[in-house]
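Below is one structure; the comments refer to it alone.
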Amino acid sequence: MRSSRRVGEWVTLIELCEERGVKVYVATHGRAYDPADPRDRRSLLEDALDSEHESAKISARTLRGLDANVRDGKPHGICPFGYDREYEIRQGKRVPVRLRKTGNRTVKASWPSLVSEELFHDVQAIISEPSRRTTTRGPQVHEFTRAMTCDVCDGPVSVSYKRNRESYVCKTRSCVRISKEAVDELMTGLTVAYLARPDVYADQAPPAELAQLKLTLGALDGVRADLKELEEAEPKTLAEARVIARTIDRLEREAAELEVAAVELSRPNRLASLFSPEGNVMSRWLRTPVPVQRAIVALLFTPGVLGQPRIKRGKFGPADLAACERMEFRRDTD
C-alpha cells in the first residue's frame, strides 16, 4: 500500500501508531520503524515531507506544461460546460482564450456564455455531488439498476442473463431474483406518469433559495481555494505540520457540508433541466439517452419522491410477472 502524500495525514497516523504500539514497515527500506523511537519518527516524517514535496513538484511541472500549451496556441482538454473555445492572434500566433480562474473562483469571460448562470451552477452542483460516480466499467445500458436495492441485504442490483431470460438479481449475495421485463414495465409506467405532470416542472426554487445557492457556491469555492493552498504548503516544523493537518480536516468537513447544501438548494431545478413534458411523454422517454434516463431515475426514485425501489424475496419462474407484488417503494414516512 502506497503511503499518503499529505504530511498532515502522516502525522495523525504516526501518532496513532505510537499510542497503540504499532510499527510501520517500509517495504522499500526493508525494515520496520517504531514511531515511539525519536530517530525512527524523524525518518518517517522526513519521508512524508519528501513525498509531499515531490507531489508538489509534479503539480508545478504539469501547470507549466499547461501554460506552455497556451503560449504555443495549443488547446488543452475539453471546454467546460457552457463555454466555447475561441482563439485570438497574438504576435502572429493563434492563442486560445481560456476560462480564467483566480483563487479557484470563476471569472466572467469577455465573450457571451452559451447557457445562463443559473444553469451553469445547476450543472456544477450535479457533477460535484459527493455520492455521484463519475466513471463506470462499461457503457450504461440499463436505466433502473442504480435505483433498486435488495430488500434482504440492502445490496445493489445488477442484470443477469440466464436461460435466455433477463432478470434483476442481488449483486451481493443473490438474495433475490425477479423478471427484468416485469420490473421495467412497472417502473417505466411510474416514471412516465410522474414526468407527465406539469406541476413537477413548475416547482422551481424561490428567489431567496437561488440567492442562497449562489452564496453557498461562492463559499465552497473559497474553502476549496484555502484547502489547495494548505495542501501545497511545506511545513518547516512538526508543530506547523500538525496545525496544517487540523486546519485541513476542518476545511474538508466544511467543504463537504457546503457541497451537500448546494445540492439540496439546486435539487428542485434539476428535473426541468433534464426532461421536458412536451408532446408524447412515453415516446420522448424511450428516445432519451440511457445516461439521462439514469439521472432522472435517481431523482425520482428516492424516499422523498416516488420511494426507493426494493426487491423482496419471491418465486422466480415463467409466471413471475406480478412485479408489483414483490416491489416495495419505501418512502420517508414508512
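From a predicted model like this one, the values you see are computed outputs, not experimental measurements. Basis for what follows: all heavy atoms, side chains included, without hydrogens, waters or symmetry-related copies.
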Answer yes or no: is there an ion pair linking [X] with [Y], defined by an N-O contact shorter than 4.0 Å?
X	Y	result
Lys312	Glu325	no
Arg165	Glu181	no
Asp151	Arg330	yes
Glu259	Arg224	yes
Arg253	Glu257	no
Arg310	Asp154	yes

Polar side-chain atom of [X] near backbone of [Y] as donor-acceptor pair, under 3.5 Å:
X	Y	result
Arg331	Val305	yes
Thr247	Val243	yes
Ser43	Arg39	yes

Could you tell me whether [X] atom [atom1] has more than 12 heavy atoms of other residues or ligands within 6.0 Å of it?
X	atom1	answer
Arg31	CZ	yes
Glu185	CD	no
Arg197	CZ	yes
Arg42	CZ	no

Partner set under ring-ring contact (aromatic ring centres under 6.0 Å, His included) for Tyr33, not counting sequence neighbours: His29

Shortest non-hydrogen separation from Ala32 to Tyr25 and the atoms involved: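 The answer is N-CD1, 3.7 Å.
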
Closest approach of Thr172 to Pro156 (non-hydrogen atoms, all atoms of both residues): OG1-CD, 3.3 Å

Answer whether the closest heavy-atom distance between the side chains of [X] and [Y] falls below 4.5 Å.
X	Y	value
Ile14	Leu45	yes
Arg41	Glu46	no
Thr288	Glu143	no
Ile296	Leu195	yes
Asp184	Glu166	no

Whether Tyr161 and His142 hold their rings parallel, tilted or perpendicular, with breakpoints at 30° and 60°: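 Tilted, since the angle between the ring planes falls between 30° and 60°.
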
Full working for side chain to side chain contact (heavy atoms under 4.5 Å, CB included) between Asp249 and Arg246: CA-CA 5 Å; Asp249 290 339; Arg246 287 194 294 267; 5.5 Å; no

Worked check of side chain to side chain donor-acceptor pair (under 3.5 Å) between Gln308 and Thr302: CA-CA 5 Å; Gln308 181 197 23; Thr302 61; over 6 Å; no

Side chain to side chain donor-acceptor pair (under 3.5 Å) between Arg177 and Ser167, intermediate numbers included: CA-CA 6 Å; Arg177 181 184 293 270; Ser167 60; 2.9 Å; yes

Inter- and intrachain pairs under side-chain hydrogen bond (donor to acceptor under 3.5 Å, both in side chains), touching residues 186-195, at least two apart: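 Found none.
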
Those residues that, when tested against Glu229, pass side chain to side chain contact (heavy atoms under 4.5 Å, CB included) (two or more places apart): none

Working for salt bridge (Lys or Arg N to Asp or Glu O under 4.0 Å), residues Glu231 and Lys228: CA-CA 5 Å; Glu231 289 172 351; Lys228 183 179 180 181; over 6 Å; no

